[in-house]
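For reference, the structure discussed in these notes is given below.
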Amino acid sequence: RRGEMAKLTQLIDNDVFRAYATYTAIVLLKMMLMSLITAYYRITRKAFANPEDTASFGKGESAKKYLRTDADVERVRRGHLNDLENIVPFLGIGLLYALSGPELSTALLHFRIFAGARIAHTFAYLIPLPQPGRGLSWAVGYAVTISMAYRVLSSVLYL
């Protein structure tokens, strides 16, 4: 089966696809958690981006002081943006990779390393950990996505 694209009806029984679905769900839930963390920081720091979000703090000038940026909120937002820039490509490339017929052990290695790197990246961003921790975790996840893309391009697609 190596090197053959899986048929749609075989996906449910395909261990590699199930592994992909598992780790995709993990990184998507992690990315969704970043939205909740952003909201938490906005509320606890009273730093909002939209006037309607300040309504519970009064009207007019008294509410305007809450329309501001906060370093902690912005840090979480940057981490979330980095997730979007890296997890979305993983979704597409990882799907193509999963359908390209890789060995289960190799696919699990790719998926686990990517998920671990993204989780480590989030901790490095939120704590914050000193560099090169965040940079290395980003690079590892990025390299995994490139590795999967290379496998797809070199073994399955026509160039």
Side-chain angles (χ1 to χ4, degrees), residues 1-45 47-50 69-159:
R1 289 195 48 116
R2 189 170 159 84
E4 293 180 20
M5 291 294 265
K7 291 183 173 68
L8 189 57
T9 56
Q10 297 171 325
L11 290 182
I12 301 299
D13 296 325
N14 184 316
D15 288 337
V16 173
F17 182 79
R18 287 201 319 257
Y20 164 76
T22 299
Y23 287 95
T24 293
I26 290 168
V27 295
L28 286 173
L29 286 170
K30 189 217 77 61
M31 189 168 67
M32 290 171 63
L33 180 61
M34 294 300 285
S35 295
L36 296 176
I37 294 170
T38 302
Y40 170 79
Y41 273 80
R42 283 199 181 283
I43 292 166
T44 60
R45 306 308 194 266
F48 301 99
N50 302 301
T69 59
D70 177 85
D72 293 332
V73 173
E74 292 306 308
R75 185 169 192 84
V76 175
R77 289 182 68 236
R78 287 191 305 273
H80 193 186
L81 179 60
N82 193 276
D83 274 350
L84 289 168
E85 293 169 350
N86 288 275
I87 291 174
V88 171
F90 169 82
L91 298 178
I93 292 171
L95 177 60
L96 294 174
Y97 174 75
L99 297 175
S100 71
E103 294 293 327
L104 176 60
S105 60
T106 306
L108 280 170
L109 187 65
H110 278 93
F111 301 152
R112 288 174 177 163
I113 290 172
F114 182 84
R118 292 312 306 170
I119 291 167
H121 185 270
T122 296
F123 281 116
Y125 232 122
L126 295 180
I127 289 175
L129 296 177
Q131 284 288 22
R134 191 179 80 238
L136 286 174
S137 60
W138 170 84
V140 167
Y142 202 80
V144 167
T145 304
I146 295 295
S147 173
M148 292 186 301
Y150 175 79
R151 161 69 161 100
V152 169
L153 290 171
S154 65
S155 66
V156 178
L157 298 179
Y158 298 105
L159 295 178

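Just so it is clear, the values below take in all heavy atoms, side chains as well, and ignore hydrogens, waters and symmetry mates. Note that the coordinates shown come from a computational prediction; the quantities given were computed from them, not determined experimentally.
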(message) Just so I know, are the side chains of Thr24 and Phe111 near enough to count as touching, which here means a heavy-atom distance under 4.5 Å?
(response) no

(request) Run the ring-centre check on His121 versus Tyr125 and record whether the distance is less than 6.0 Å. (result) yes

(message) Does any part of the side chain of Leu91, heavy atoms only, come nearer than 4.5 Å to the side chain of Leu28, both counted from C-beta?
(response) yes

(message) Going by salt bridge (charged side-chain N to carboxylate O under 4.0 Å, His left out), name the residues that satisfy it together with Glu85, two or more places apart in sequence or in a different chain.
(response) none

(request) Give a yes or no on whether the backbone of Ala143 and the side-chain of Ser147 come within a donor-acceptor separation of less than 3.5 Å. (result) no

(request) Measure across Trp138 and Asn82 and return the closest heavy-atom pair with its distance rounded to 0.1 Å. (result) CD1-OD1, 3.7 Å

(request) Measure the shortest side-chain to side-chain distance between Thr122 and Asp83 over non-hydrogen atoms and say whether it is less than 4.5 angstrom. (result) yes

(request) Please tell me if the side chains of Tyr23 and Ile26 come closer than 4.5 Å, counting only heavy atoms from C-beta onward. (result) yes

(request) For the pair Asp72 and Arg75, find out whether any cationic side-chain nitrogen is under 4.0 Å from an anionic carboxylate oxygen. (result) no

(message) Let me confirm one number: the CG-CD distance from Leu136 to Gln131, rounded to the nearest 0.5 Å.
(response) 8.0 Å

(message) Is the shortest side-chain heavy-atom distance between Val144 and Tyr97 below 4.5 Å?
(response) no

(request) Rounded to the nearest 0.5 Å, what's the gap from CG on Asp70 to CZ on Arg77? Could you check? (result) 11.5 Å

(message) On a heavy-atom basis, which atom in Ala107 and which in Val16 lie closest, and how many Å separate them?
(response) CB-CG1, 3.7 Å

(request) Taking all non-hydrogen atoms of both residues into account, name the closest pair between Leu99 and Phe17 and its distance. (result) CD2-CD1, 4.4 Å

(message) I need the minimum non-hydrogen distance between Leu95 and Tyr20, along with the two atoms involved.
(response) N-CE1, 3.3 Å

(request) Sort and list the pairs that fulfil salt bridge (charged side-chain N to carboxylate O under 4.0 Å, His left out) and have at least one residue in residues 127-144, not counting sequence neighbours. (result) none

(message) Any non-hydrogen side-chain atom of Ile113 less than 4.5 Å from a side-chain atom of Val140?
(response) yes

(message) Using every non-hydrogen atom in the two residues, find where Ser137 and Ala117 come nearest and quote the distance to one decimal.
(response) O-CB, 3.4 Å

(request) Kindly indicate whether the side chain of Met148, heavy atoms from C-beta on, has any atom under 4.5 Å from the side chain of Phe90. (result) yes

Mind listing the side-chain donor-acceptor pairs of residues 31-39 below 3.5 Å, one per line with the distance, residues two or more places apart or on another chain?
from: Thr38; atom 1: OG1; to: Met34; atom 2: O; distance (Å): 2.8

(request) For Leu108 and Ala19, work out which heavy atoms get closest and say how close. (result) CD2-CB, 3.6 Å

(request) Report the distance from atom OG of Ser105 to atom CG of Asp15, rounding to the nearest 0.5 Å. (result) 11.5 Å

